[in-house]
Undergrad: 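One structure, as C-alpha cells, below. Some questions next.
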There are 2 protein chains.
Amino acid sequence: MSVTGHTSFGGRVHRAPGQRKAASIRDVARAADVSYQTVSRVINSHPSVRDETRRRVQEAIDALGFRRNATAFALARGVTRSVTVLTSDTLLHGYAATLQGLEEASRAAGFTLGVRLLTPEDDLDQTIAAAADTGGGLVVIGYDRLGAAALDRVPAQVPCAAVVEAPPPGRTPGRPAVWADDRAAARAATAHLLALGHPTVHYVAIPASTGTRRSAGPRAEGWRLALRAAGVAAPAPSGRGWDAQAGYEAGRGLARNREVTAILCGNDDLALGVLRALHHAGRRVPQDVSVIGFDDAPHSAFVTPSLTTVRMDFQGLGRAAFGLLRAQLDSDRQPPAPDPVATTLVLRESSGTRTS
Amino acid sequence: MSVTGHTSFGGRVHRAPGQRKAASIRDVARAADVSYQTVSRVINSHPSVRDETRRRVQEAIDALGFRRNATAFALARGVTRSVTVLTSDTLLHGYAATLQGLEEASRAAGFTLGVRLLTPEDDLDQTIAAAADTGGGLVVIGYDRLGAAALDRVPAQVPCAAVVEAPPPGRTPGRPAVWADDRAAARAATAHLLALGHPTVHYVAIPASTGTRRSAGPRAEGWRLALRAAGVAAPAPSGRGWDAQAGYEAGRGLARNREVTAILCGNDDLALGVLRALHHAGRRVPQDVSVIGFDDAPHSAFVTPSLTTVRMDFQGLGRAAFGLLRAQLDSDRQPPAPDPVATTLVLRESSGTRTS
DNA sequence: CTGAAAGCGCTTACAG
DNA sequence: CTGAAAGCGCTTACAG
C-alpha cells in the first residue's frame with residue numbers, strides 16, 4: 001500500500017475588489033470625528049480621555065473592526081514582545097517538552113513565540129543574526145553541542161537566556177541560564193542500582209554538549225561519582241547518538257557481556273533500544289539485567305517492561321528560561337524566583353534485583 | 001530523590017554606557033558619505049549603483065555591523081515573511097512531526113515561524129486575531145476538534161492554509177488544505193488483518209475532529225469500509241483520548257473479550273496502551289491478538305513486540321501546507337505541485353496469524 | 001547613477 | 001481633555 005495524498009485549493013485568498021485593506025487609527029479617527037492621537041489614547045487606555053469621547057471612538061473601532069498594526073506598534077515603541085527559540089531538535093522528548101514550557105510562559109506573558117531549528121549545514125552566526133533581527137529576545141536550548149555552540153555565539157547586546165545541560169564550568173559569567181541537577185539524578189539512579197545488589201553499573205551515554213574531555217556531561221559524571229563512592233571501577237561508557245537505534249547498537253555490545261547486570265541510559269530512547277537488544281539476546285529484564293532511562297518520556301510507563309527512569313520537569317525549565325529572558329527585557333523587573341526544576345527517580349519494572 | 005534546580009544570573013544584559021544602539025541606514029550613509037537611499041539600494045542589491053559607491057557603502061555596513069531593521073522593513077513593505085502555526089498540541093508525534101515539516105519549509109523560504117498553542121480555556125477568536133496581527137500568514141493544524149474549530153473561524157482576509165484529518169465534506173470551498181488518505185490507509189490495515197484470518201477487527205478510536213455523527217473520522221471510516229467489504233459486522237469502537245492511558249483503558253475492555261483477536265488503533269500511543277493491557281491480561285501478541293497502530297512514532301519499531309503501524313509523512317504534510325500558504329501570499333505564485341504525502345503499512349511483530 | 005520627499009501605522013512629547 | 005508635530009527605520013516613486 002502506498003497512497004498518494006491530496007491537495008485542495010478551495011477558497012484561494014486574493015484581495016477581492018470590494019475587500020478594503022485593514023482600518024488604521026486615522027480611519028477610526030475620521031469615523032469618530034476626533035484626531036488619530038485620541039484614538040491612540042483610547043487603544044492604549046490612557047486615562048485622560050473624556051468618557052463620551054472614549055465611547056465614540058470605541059464604537060468606531062468596533063464598527064470598522066480596527067486592530068492595531070503590531071508591526072507599526074513595535075517600530076514606534078522600539079520593542080517587540082517576542083521570543084525566538086533556537087534549538088537543534090524539536091522531536092526528542094526533552095526538547096519538545098522544554099519548548100512547550102516556553103510556549104506556555106510566552107503565551108501567558110503575551111509574547112509571540114518563534115522557533116528556529118539549528119542545523120549543522122546552516123551558518124550558526126547567520127541563523128542567530130536572523131533570529132535576533134526580529135527584534136525580540138532569544139532562548140537557546142543548549143542540551144547538545146550545536147545548541148551550546150549557538151549560545152556561545154549570541155552577540156552580547158542581544159537579550160538571551162538559555163536552558164542548558166549543566167552549570168557552566170568555573171565562574172564564567174555567561175548568559176542567564178537554567179538547568180536541572182542531572183548529575184545528582186544520575187548519581188542517585190546509579191546508587192539505586194548498586195543498592196539493588198548489582199556489582200557495577202554500565203552507562204550508555206547521550207552525546208556531550210561540551211567539548212571537555214574530562215567528562216561526557218553531568219549524567220555521566222553522576223554515574224561515575226556513584227561508582228567511585230561505592231569503590232567500584234567505572235566500565236567504559238558506550239553510546240553514539242540520541243535515538244533508540246543508537247541504544248540498540250550499544251545494547252548489542254552490552255548484551256554479549258555476561259558480566260553486565262545493570263545499565264543506566266542517557267535517555268529513554270536509548271533505554272528502549274537497549275531493552276530491545278537485550279530481548280533479542282534472550283536476556284530478561286529485570287531478572288538478568290536492570291535498565292534505567294532518563295527523561296520519563298510519555299511512552300516509558302507503557303512499554304513492557306515499563307521503564308524505570310528519571311523524571312525531568314522540562315516544561316518547568318522552559319518556563320524558567322522564559323522568566324530569565326523577560327527579566328532582561330524589562331531591566332527593572334526582578335529575575336523570577338528560580339522555578340523549582342525537580343528531578344525524580346521513577347521506579348518501574350525494568351530495574352530490580354538480579355534473580356538469575 | 002527530589003533535587004531542586006539551579007538558576008544562574010551571570011552577565012545580565014543592560015545597555016552599558018558605551019554600548020550604542022544599532023546602526024541605521026542613516027548612520028551607514030553618513031559613514032559612506034552618500035544618502036541613505038543609496039544605502040537602501042545597496043542592501044536591496046539594486047542594479048543601478050556605481051561599483052565604487054557600492055563598495056564604499058558595503059565597507060561602512062561591515063564597519064558598523066549594520067543589519068536592516070526587520071520591523072521597519074516589514075512596515076515599509078507592507079508584508080511580513082512569517083507564518084504562525086496554530087495547534088492544540090505540540091507533543092504528540094503527528095503534531096510534532098508536522099510542525100517540523102513546517103519549520104523546515106519556512107526556514108528554506110526565509111520565513112519566520114511562530115507557534116501558538118490552542119487551548120480550550122483561551123478565546124479562539126482572540127487567539128486567532130492575535131496571531132493574525134503579526135502580519136504574516138497562518139497555518140492551522142486541524143487534526144482535532146479544537147484545531148478544526150480554529151480553522152473555521154479564521155477571518156476570510158487573513159492568509160491561511162491548513163493540514164487536516166480529511167477532505168472537507170461536500171464541495172464546501174474552504175481553506176486551501178492538505179491531508180493524507182487516512183481512510184484508504186485504515187482500510188488497507190484492516191483488510192490486512194482480515195486477510196491474516198481474523199474473523200473481525202476491533203477499533204480503538206482517536207477523538208474525532210468533526211462533529212459529524214456519521215463517522216468518527218477517516219480512520220474509523222476506512223476500518224468500517226474494509227469490514228463491510230468483507231461482509232463482517234463492525235463491532236462498537238472504543239477509545240476516549242489520544243494517549244497510552246486511554247489506550248490502556250480501552251484495551252482492558254477488549255482484553256476481557258475472548259472473541260477479540262485483532263485490534264486497529266487510531267494511533268501508536270493508543271496501541272501501546274492496548275499492548276500493555278493485553279499483556280496484563282495475559283494475552284499474547286500476536287499469538288492471541290494482533291494489534292496495529294497508526295502514525296509510526298519513532299519508538300514503535302523498538303517496543304516489544306514491535307508495532308505494525310501505518311507510516312504517515314507528517315513532515316511532507318507540513319511542507320505542503322507551507323507551500324499552500326505561500327501561494328496565497330504571493331498571489332502570482334503557482335500553487336505547488338501537491339507534495340506526495342504517502343502512507344505506508346509497516347509490518348512488524350504485533351500483527352500475524354492467530355496461533356492459539 | 002544618486003539625492004530629496006513622502007509614506008508605512010503607530011507612539012511620544014509638546015502645546016493649548 | 002484633545003490636537004498638531006516629529007520620529008521609529010525602512011521603501012517607493014519622483015526628480016535630476
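Note on naming: letters A, B, ... go to the chains in the order of the sequence lines (proteins, then strands), and numbering restarts at 1 for each one.
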Undergrad: Does A/Asp33 CG have over 12 foreign heavy atoms under 6.0 Å away?
TA: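 Result for CG/A/Asp33: open.
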Undergrad: Given C/dG9, D/dT2, C/dA5, which nucleotide is nearest the side-chain atoms of B/Gln37?
TA: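 Selected nucleotide: C/dA5.
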Undergrad: Check whether any side-chain nitrogen or oxygen of A/Arg41 sits under 4.0 Å from OP1 or OP2 of D/dT2, and answer yes or no.
TA: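 Indeed not, no polar side-chain atom of A/Arg41 lies that close.
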Undergrad: In whole angstroms, how far is the P atom of C/dC8 from the CD1 atom of A/Ile25?
TA: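 Interatomic distance, CD1 of A/Ile25 to P of C/dC8: 12 Å.
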Undergrad: Using a 4.0 Å heavy-atom cut-off, does B/Thr71 contact any base of the nucleic acid, only the sugar-phosphate backbone, or nothing at all?
TA: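 Here B/Thr71 touches no strand at all.
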Undergrad: What is the separation between atom OH on A/Tyr36 and atom C1' on C/dT11, rounded to the nearest whole Å?
TA: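 Going from OH in A/Tyr36 over to C1' in C/dT11 covers 10 Å.
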Undergrad: Is B/Ser35 close enough to C/dT2 that one of its side-chain N or O atoms is under 4.0 Å from OP1 or OP2 there?
TA: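 No, because none of the side-chain N or O atoms of B/Ser35 sits under 4.0 Å from OP1 or OP2 of C/dT2.
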Undergrad: Please report the distance, rounded to the nearest Å, between CD in A/Glu52 and P in D/dC1.
TA: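 Rounded to whole Å, this separation is 14 Å.
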Undergrad: Over all heavy atoms of both residues, which pair between B/Leu91 and B/Ala96 is shortest? Give the atoms and the distance, please.
TA: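 Closest heavy-atom pair between B/Leu91 and B/Ala96: O-CB, 4.3 Å.
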Undergrad: Find which nucleotide of DNA chain C each of B/Asp51 and B/Leu75 is nearest to by heavy atoms, and output the residue with the more 5' nucleotide.
TA: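 Upstream on the strand: B/Asp51.
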Undergrad: Could you check how far CZ of B/Arg68 sits from C1' of D/dC10, rounded to whole Å?
TA: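 Computing the B/Arg68:CZ to D/dC10:C1' distance gives 8 Å.
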Undergrad: Just call it for B/Thr38: base, sugar-phosphate, or nothing, with non-hydrogen atoms closer than 4.0 Å on any strand.
TA: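 Here B/Thr38 touches the backbone only, sparing every base.
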Undergrad: Apply side-chain contact (heavy atoms from CB on, under 4.5 Å) to B/Asp89 and B/Asp144, showing your working.
TA: CA-CA 9 Å; B/Asp89 188 281; B/Asp144 54 88; 5.7 Å; no
Undergrad: Under 4.0 Å from OP1 or OP2 of C/dG9: is there any side-chain N or O of A/Arg67 that close?
TA: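 No, because none of the side-chain N or O atoms of A/Arg67 sits under 4.0 Å from OP1 or OP2 of C/dG9.
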Undergrad: Answer yes or no: does a side-chain N or O of A/Ser24 lie under 4.0 Å from OP1 or OP2 of C/dG9?
TA: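 Negative; the distance criterion is not met.
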Undergrad: Figure out the CG/P separation between B/Asn44 and D/dG9, and round it to whole Å.
TA: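 Going from B/Asn44 (CG) to D/dG9 (P), I get 17 Å.
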Undergrad: For B/Ala23 and for A/Arg54, find the nucleotide of DNA chain D with the closest heavy atom, then tell me which residue's nucleotide is more 5'.
TA: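 By nearest-heavy-atom nucleotide position, the 5'-most residue is A/Arg54.
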Undergrad: Can you see if the side chain of A/Arg26 gets near the phosphate of C/dG9 - specifically, an N or O under 4.0 Å from OP1 or OP2?
TA: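 No, outside the criterion.
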Undergrad: For the pair A/Glu59 and A/Arg56, find out whether any cationic side-chain nitrogen is under 4.0 Å from an anionic carboxylate oxygen.
TA: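 Judged by the 4.0 Å cut-off on N to carboxylate O distance, A/Glu59 and A/Arg56 do not form a salt bridge.
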Undergrad: How close or far is atom C1' of C/dT11 from atom NE2 of A/His46, stated in whole angstroms?
TA: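 In whole Å, C/dT11 C1' and A/His46 NE2 are 12 Å from each other.
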Undergrad: If pairs are Watson-Crick or G-U with both distances under 3.5 Å, what is the dot-bracket string of DNA chain D, marking crossing pairs with [ ] and pairs to another strand with |?
TA: |||.||||||||.|||
Undergrad: Once you round it to whole Å, what is the distance between P of D/dT2 and CZ of A/Arg50?
TA: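 Roughly 5 Å, once rounded to whole Å.
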Undergrad: Quick check against the 3.5 Å criterion: does B/Gln100 have a side-chain atom that pairs as donor or acceptor with the backbone of B/Gln315?
TA: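 Between the backbone of B/Gln315 and the side chain of B/Gln100 there is no qualifying donor-acceptor contact (under 3.5 Å).
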Undergrad: Does B/Glu104 come within less than 4.0 Å of B/Arg107, counting only side-chain N to carboxylate O?
TA: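 Judged by the 4.0 Å cut-off on N to carboxylate O distance, B/Glu104 and B/Arg107 do not form a salt bridge.
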Undergrad: Any side-chain N or O of B/Ser40 under 4.0 Å from OP1/OP2 of D/dT11?
TA: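 B/Ser40 to D/dT11 OP1/OP2: side-chain N or O found under 4.0 Å.
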Undergrad: Return the value, rounded to whole Å, for the distance between atom CG of A/Asn69 and atom C1' of D/dG9.
TA: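 Nearest whole value for this atom pair: 14 Å.
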Undergrad: Testing the basics here: between A/Arg67 and B/Ala129, what is the closest heavy-atom pair and its distance to 0.1 Å?
TA: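 Looking at all heavy atoms of both residues, the closest pair is NH1-CB, 3.3 Å.
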Undergrad: At their closest point, which heavy atom of A/Ala131 faces which heavy atom of A/Thr84, and how far apart are they?
TA: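 Heavy atoms of A/Ala131 and A/Thr84 come nearest at CB-OG1, 3.7 Å.
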Undergrad: Is any side-chain nitrogen or oxygen of A/Arg77 closer than 4.0 Å to OP1 or OP2 of C/dT12?
TA: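 Checking C/dT12 against A/Arg77, a side-chain N or O does come within under 4.0 Å of OP1 or OP2.
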